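The structure appears below as structure tokens.
Since the model is a prediction, treat every value here as computed from it, not as a measurement.
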Amino acid sequence: MSAKAHIRKLQAILAAAIMLATAPVYANETEITVGVYHFPPIASVDNSGEATGLLGDLLHELEQTHPAVSFRVFHTSPKRRYLDFDAGLYDVIFFESPDWGWTEREVDISRPVLADEELYVALKKPGRDSSFFKDLQSRSIVAISGYHYGFTGYETDNSVLEQRFNIEFSDSHTRNIKLIKADRPSVAEVAIVSHSYLQRHLARHPEDWDKLLISSEPDQRYQLSIIAREGGAASADEMLRLLAPLVDNGRYRQLVESWGLTLPAGFLTGFEAP
């Protein structure tokens, strides 16, 4: 074989290797159905049925990065998400703590990919400080139906919680903050709001810094994973492989921080695609 022919053969082998290395995770068209419920600013669904918040941005970036993969949004609710999952109505759900009822099911769970915490919020009054939150059983509480809270031991049955606490349920952080500001102690003295949502609220309404008392200790800190159906359209490891290019080029970190959220400790330095 001549030197030129040998060089051409090596070039062909190198080109083939590059094509394999840069090929998308899925060679064929793949649609993945994603369960989404109202969990701002992490995720929600708009009037057109599209995901919003961090999740909406992330799904868009994933589709741009992997043209052979598309995501279909299935709108569920905090309480209904388990029934819908068990019924096979969606394949994966992003940004869930395994402690929120998922370890009892046959699911595939990724490493944590997001972190946040929830804080207690009350109306700021003279003489009132963080000790106000120590005895929640003596307070009237407003919370979101179907959410898992540390102070409840992650119980989500409304009837059980109503027996244990003076609690009212809603479906909106915005409504809960308004109830606190309305100063109606018989209805709502304490709300539980995620740190990320609260920071976005205070950025839009800076006057509330002087109106709201915020706990110094969280109700809970959570690290959130991707939950996938065993044997479904995509495993948890496959979802991490889809995410890997956005981690490597820094785009995932940008998206997370743009929504006031954080990555788990050591996520970037310890991330390796499965």
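Taking both residues in full, the closest heavy atoms of V92 and M239 are given as CG1-CG, 4.3 Å, listed atom of the first, atom of the second, then distance. For the pair V121 and I180, the tightest heavy-atom approach, listed with the atom from each and the gap, is O-CD1, 3.9 Å. Here the closest non-hydrogen pair linking P40 and S194 is O-OG, 4.0 Å. Pairing each heavy atom of E168 with each of V187, the nearest pair is OE1-CG1, 3.3 Å. Taking every heavy atom of both residues into account, K124 and W209 meet most closely at NZ-O, 3.0 Å. The nearest pair of heavy atoms linking V36 to S44 is CG1-O, 3.6 Å.
The 12-atom threshold is not exceeded at NZ of K134, counting heavy atoms of other residues, nucleotides or ligands nearer than 6.0 Å. By the neighbour-count criterion of 12 heavy atoms within 6.0 Å, atom CZ of R184 is sparsely surrounded, having that number or fewer from other residues, nucleotides or ligands. Other residues, nucleotides and ligands contribute more than 12 heavy atoms inside 6.0 Å of the CD atom of E230. In the displayed structure, E272 atom CD is contacted under 6.0 Å by at most 12 heavy atoms of other residues, nucleotides or ligands.
With rounding to the nearest 0.5 angstrom, the CZ atom of R80 is 13.0 Å from the CG atom of D86. Note: E238 CD to T30 OG1 = 8.5 Å, rounded to the nearest 0.5 Å.
For the pair Y149/L161, no side-chain contact is recorded, criterion being any heavy-atom separation below 4.5 Å from C-beta on. Side-chain contact check for P245 versus H66: some heavy-atom pair is nearer than 4.5 Å. Within the 4.5 Å cutoff, side-chain heavy atoms of L268 are placed close to those of V247. Under the 4.5 Å side-chain criterion, counting only non-hydrogen atoms from C-beta, Y37 is in contact with Y147. Counting only heavy atoms from C-beta outward, the side chains of L58 and L246 approach each other to under 4.5 Å. Taking 4.5 Å as the limit, every side-chain heavy atom of F165 sits out of range of all side-chain heavy atoms of V190. The side-chain heavy atoms of F85 and T76, taken from C-beta on, include no pair separated by under 4.5 Å. Contact of the E63 side chain with the S70 side chain is registered, since non-hydrogen atoms from C-beta on lie closer than 4.5 Å.
Using a 4.0 Å cut-off between a side-chain N of Lys or Arg and a carboxylate O of Asp or Glu, R164 and E155 do not qualify as a salt bridge. Comment: E257 engages R253 in a salt bridge, judged by a side-chain N to carboxylate O separation of less than 4.0 angstrom.
Here the rule is side-chain contact (heavy atoms from CB on, under 4.5 Å) with I227, and of D91, I109, D108 only I109 fits it.
Between Y82 and W102, the distance separating the two ring centers is shorter than 6.0 angstrom.
The backbone N or O of G150 lies less than 3.5 Å from a partner atom in the side chain of D219, making a donor-acceptor pair. Using modelled atom types, no side-chain atom of R81 and backbone atom of G35 make a donor-acceptor pair closer than 3.5 Å. Between the side chain of S140 and the backbone N or O of E189 there is at least one donor-acceptor pair closer than 3.5 Å. Although no hydrogens or angles enter the test, the distance criterion places a donor-acceptor pair under 3.5 Å between the side chain of S225 and the main chain of S110.
One hydrophobic cluster holds both L89 and V45 under the rule that ILVMFWY side chains link at heavy-atom gaps under 4.5 Å. A chain of hydrophobic side-chain contacts below 4.5 Å, direct or via other Ile, Leu, Val, Met, Phe, Trp or Tyr residues, connects I93 to L255. Linking Ile, Leu, Val, Met, Phe, Trp and Tyr residues whenever their side-chain heavy atoms come within less than 4.5 Å leaves Y197 and V256 in two separate clusters.
Using modelled atom types and a 3.5 Å distance limit, the side chains of D99 and H148 yield no donor-acceptor pair. No side-chain N or O of S130 forms a donor-acceptor pair with one of Y120 less than 3.5 Å apart. Counting only N and O atoms by type, the side chains of D237 and S235 include no donor and acceptor under 3.5 Å apart. No side-chain donor from either of D46 and T52 sits under 3.5 Å from a side-chain acceptor of the other.
Remark: R139 fails to qualify as a cation-pi partner of F133 under the 6.0 Å distance and 45° angle criteria applied to the six-membered ring.
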Taking it one step at a time, do H38 and D171 satisfy side-chain hydrogen bond (donor to acceptor under 3.5 Å, both in side chains)? CA-CA 8 Å; H38 190 60; D171 60 1; over 6 Å; no

